[in-house]
Amino acid sequence: MSTYDVAIVGAGPAGAVAANLCGVYGLSAIAFDREPGVYDLPRAVGMWDDVQRILANARVLDAFLPDTCVQVGAEFVDAGGQRILGIEMPAGFTTPNGYPVIRMFHQPGFERAVRSCLSRYEHVELRVAHEVTAIAQDHEGVSLAVRDRRSGKTADVRARWLLGCDGAASFVRKSSGIGWHSLGYDRDWLVVDVRLTGDVALSQLATQICDPARPTTLMPLPHHMHRWEFQLGDGETREEMEDPARVWALLRRWVTPADAEIVRAVVYRFHATIADTFRRGRVLLVGDAAHQTPPFLGQGMCSGVRDVDNLVWKIDHVRRGLAGDALLDTYSEERRPMAVAMVEHSVKTGKLIDAYAEMARGGPEPSAELREYAYGGRAQLPHLSTGLLAPERSQWIGRLVPQCAVAIDAATGAFDEVVGQRWAIVAARDPRGGMSAETLGFWESLGAAFVTVPEPDGPMLALLLAHEVAVVRPDRIVYGVSTSPDRLALLLGDAQSRAAAG
Ligand SMILES: Cc1cc2nc3c(=O)[nH]c(=O)nc-3n(C[C@H](O)[C@H](O)[C@H](O)COP(=O)(O)OP(=O)(O)OC[C@H]3O[C@@H](n4cnc5c(N)ncnc54)[C@H](O)[C@@H]3O)c2cc1C
């Protein structure tokens, strides 16, 4: 039996993106999904800028970009439609990552496109209608029992690492004995996707209606689609809410069967949950198997894509002997607190909707702290703050390096295109100047890029003016920054011992 580097259980968004990144890194991988096709019910619709950047680096963004549209803004309104808080994006606005703040998409189409990209890689296989029914790990790897649901036959597969990308009910998490607990949000919402067939004037902003009678969300989607989400009241059941007559009654304020058709209407329980750890030996939990996020900020799938980006380069480093097994511990150390913070942020946004609805019923105004979790509020989305990061204080550490025009010797272009998936030492002038032969040799042995930013501007100018040099990880997270060659040497030495330890 041949041993794959990576076996992936579940080829939803997290598993399919993981399989593509394995392809990019040259890891041999096999992904299984128990269903014959992608899950076709309405789920994710919003994708943040950093995630678009990750997907571009996984070489899948272009495959679904024509089926997306840019979100032009978002607001909280009262039951009468009066704005409480909100934000509009200037036309053509992009963040320091180089992408619009949020792109709207359709999850089943996205999943199909990402899966189709796997045909590029001979070393990556996808098997649909294959259910993983048992896993067992030892010092060398993980054994999987896989049942072909079409033929009923079972086969054994062996891999060095297993990624549990099998969703919130994760069989991998349960069979690895990893605990799972609530972070305090559980409410039922009816989610309705509608195709507009007539000329209907709807807001182009993502809108949270803080209506005490029924908190409601509206979002424009690509291809004349629109999303509504209606919070269920006490005593309302899934069956009654999914009834088409009831759905039309809820939609009547905006659309009727004369100008729209219902594509799907499903009641979901919006959960906030987290796994106790994202790693048990050779088993690593990714995506909803590790954390479940209520969708008020469109962060659930995005968090899964961030997991993948954080993890796959580390597996590649360990496989190539560039780092010890301890590097994989940093996956859970880094991603779990960030996922918890993201879930908590989303929960606060959900609670703010309820608090404004409560205020309309005569309750108190939401606290100033909670109000910052509205769209356009000052509460910052979390970034990495633990793990493989330089032990110094800087606003840049743990964040993605700004996208900018760079040069590596004669090659020039955008940071991500020129650097690719490797360590980078970044400065306004060639960072090799002032580096000891030993330090230079270390970075060369890791295949690091020595990157010059000839004309820094925007956030990159601010970074280099403050610190002169940045050390960037293969997932484009700033590992550390420095203002002096001596400090840089210390920084690099520390990275060396961490990256090579274990
Ligand atoms: C209404 C709603 C709106 C949302 N909006 C957003 C949004 O705007 N933005 C956002 O980022 N996220 C959003 N989300 C969240 C997003 O849909 C999920 O986070 C995402 O689907 C999780 O991806 P995943 O790959 O981790 O898991 P899943 O999508 O659940 O995929 C798991 C896969 O594993 C397979 N599987 C399970 N067990 C096995 C097994 N034993 N063997 C083989 N295969 C197996 C399943 O068939 C499935 O394909 C939303 C969710 C909902 C419900």
Side-chain angles (χ1 to χ4, degrees), residues 7-19 30-48 50-52 54-55 68 71 74 102-108 110-112 114-115 126-135 144-149 157 162-175 187-193 206 217 219 221 227-231 264-273 275 278 285-308 339 342-343 346 350:
I8 300 170
V9 184
V17 174
I30 185 160
F32 299 103
D33 202 286
R34 67 181 171 201
E35 301 302 329
V38 303
Y39 189 66
D40 213 23
L41 291 179
R43 291 196 291 168
V45 288
M47 178 183 294
W48 286 74
D50 61 321
V51 169
Q52 296 167 51
I54 293 169
L55 295 172
T68 67
Q71 190 183 86
I102 296 181
R103 243 175 215 289
M104 306 305 285
F105 70 106
H106 181 232
Q107 183 168 338
F110 165 77
E111 289 187 36
R112 278 186 208 102
V114 174
R115 286 185 181 188
L126 169 64
R127 295 200 192 154
V128 296
H130 279 69
E131 181 169 16
V132 176
T133 55
I135 59 171
L144 297 81
V146 185
R147 191 171 65 91
D148 181 338
R149 294 180 71 191
V157 172
L162 182 148
L163 308 193
C165 303
D166 51 342
S170 177
F171 151 79
V172 171
R173 186 185 66 239
K174 288 174 195 156
S175 47
R187 294 206 75 131
D188 289 335
W189 286 70
L190 172 69
V191 180
V192 186
D193 279 356
T217 308
M219 275 172 287
L221 305 182
R227 159 79 52 95
W228 275 263
E229 295 171 2
F230 301 99
Q231 193 180 97
R264 299 169 199 87
V266 192
V267 171
Y268 282 102
R269 174 146 292 190
F270 289 1
H271 282 297
T273 33
F278 291 5
L285 298 181
V286 175
D288 276 21
H291 43 72
Q292 231 189 332
T293 315
F296 306 112
L297 285 172
Q299 289 289 358
M301 186 193 90
C302 289
S303 285
V305 174
R306 293 183 190 111
D307 292 343
V308 169
M342 196 63 89
V343 173
S346 299

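Both counts, for ligands and for their atoms, begin at 1 and track the order of listing. Computation of the quantities below employed the complete heavy-atom set of this structure, encompassing side-chain atoms and omitting hydrogens, waters and symmetry-equivalent molecules.
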One residue to check: Cys165. Relative to ligand 1, which of side chain, backbone, both or neither has a non-hydrogen atom less than 4.0 Å away?
backbone
Check whether any side-chain heavy atom of Glu131 sits under 4.5 Å from a side-chain heavy atom of Phe171, and report yes or no.
no
Which atoms from ligand 1 have a heavy atom of Phe32 less than 4.0 Å away?
43 (C), 44 (N)
Is ligand 1 under 4.0 Å from a heavy atom in the side chain of Gln292, in the backbone, in both, or in neither?
neither
What protein heavy atom sits nearest atom 27 (O) of ligand 1, and how far away is it?
Gly167 CA, 3.7 Å
Hey, which of Asp188, Thr293, Val191 is the one that makes side-chain contact (heavy atoms from CB on, under 4.5 Å) with Phe270?
Val191
Give the residue and atom name of whichever protein heavy atom lies nearest to atom 50 (C) of ligand 1, and the separation in Å to one decimal.
Ala44 N, 3.8 Å
Is any N or O atom of Cys302, backbone or side chain, closer than 3.5 Å to an N or O atom of ligand 1?
yes
Carefully, step by step, assess Arg43 and Val266 under the rule side chain to side chain contact (heavy atoms under 4.5 Å, CB included).
CA-CA 10 Å; Arg43 291 196 291 168; Val266 192; over 6 Å; no
Any N or O of Pro42 closer than 3.5 Å to N or O of ligand 1:
no
Give the atoms of ligand 1, by number and element, whose distance to some non-hydrogen atom of Gly300 is under 4.0 Å.
10 (C), 11 (O), 12 (N), 19 (O)
Are Val146 and Arg127 side-chain neighbours, meaning at least one heavy-atom pair lies under 4.5 Å?
no
Assign the ring pair Phe278 / His291 to parallel, tilted or perpendicular, where the plane angle (0 to 90°) is split at 30° and 60°.
tilted
Polar side-chain atom of Ser346 near backbone of Met342 as donor-acceptor pair, under 3.5 Å
yes
Could you identify the single nearest non-hydrogen protein atom to atom 3 (C) of ligand 1 and state the distance to 0.1 Å?
Arg43 O, 3.3 Å
Minimum heavy-atom separation for Ala18 to Val308, with atom names?
CA-CG1, 3.5 Å
How far is atom 9 (N) of ligand 1 from its nearest protein heavy atom, and which residue and atom name does that atom have?
Gly46 O, 2.9 Å
Any nitrogen or oxygen of Gly298, main chain or side chain, under 3.5 Å from a nitrogen or oxygen of ligand 1?
yes
Exam field: side chain Arg173 to backbone Ala289, donor-acceptor pair closer than 3.5 Å:
yes
Top protein contact for atom 1 (C) of ligand 1, by heavy-atom distance:
Val191 CG2, 3.5 Å
Minimum distance, heavy atoms only, to atom 17 (O) of ligand 1: which one of Gln107, Met301, Arg127 is it?
Gln107
Are Val51 and Arg306 packed together at the side-chain level, in the sense that at least one heavy-atom pair is separated by less than 4.5 angstrom?
yes
Can you name the atoms of ligand 1, numbered from 1 with element, that are less than 4.0 Å from a heavy atom of Gly287?
26 (O)
Report yes or no: do Thr68 and Arg103 form a side-chain donor-acceptor pair below 3.5 Å?
yes
Looking at ligand 1, does Pro13 have a heavy atom less than 4.0 Å from it?
yes
Which residue and heavy atom of the protein sit nearest atom 48 (C) of ligand 1, plus the separation
Asp33 OD2, 3.4 Å
List every atom of ligand 1 that sits less than 4.0 Å from any heavy atom of His130, numbering the atoms from 1 in the order shown and giving each element.
43 (C)
Measuring from atom 42 (N) of ligand 1, which candidate in Thr217, Val132, Val172 has the nearest non-hydrogen atom?
Val132
Closest non-hydrogen contact found for Asp166 with Val172 is OD2-N, 2.9 Å
among protein heavy atoms, the one nearest atom 44 (N) of ligand 1 is Arg34 N, 3.1 Å
Heavy-atom closest contact (Gly287 atom, Ala14 atom, distance):
CA-CB, 4.1 Å
Salt bridge or not for Arg112 and Asp40, using N-O below 4.0 Å?
yes
Does Tyr268 have a heavy atom less than 4.0 Å from any atom of ligand 1?
yes
For ligand 1, is there an N or O atom under 3.5 Å from any N or O atom of Val286?
no
Residue, atom and distance of the protein heavy atom nearest atom 19 (O) of ligand 1 read Asp288 OD1, 2.7 Å
Treating Arg149 as the side-chain partner and Arg34 as the backbone partner, does any N or O pair qualify as donor plus acceptor under 3.5 Å?
yes
Distance filter under 4.0 Å to Glu35 heavy atoms, resulting ligand 1 atoms
47 (O)
Numbered atoms and elements of ligand 1 in range of Gly10, under 4.0 angstrom, heavy atoms
33 (C), 34 (O), 35 (C), 44 (N)
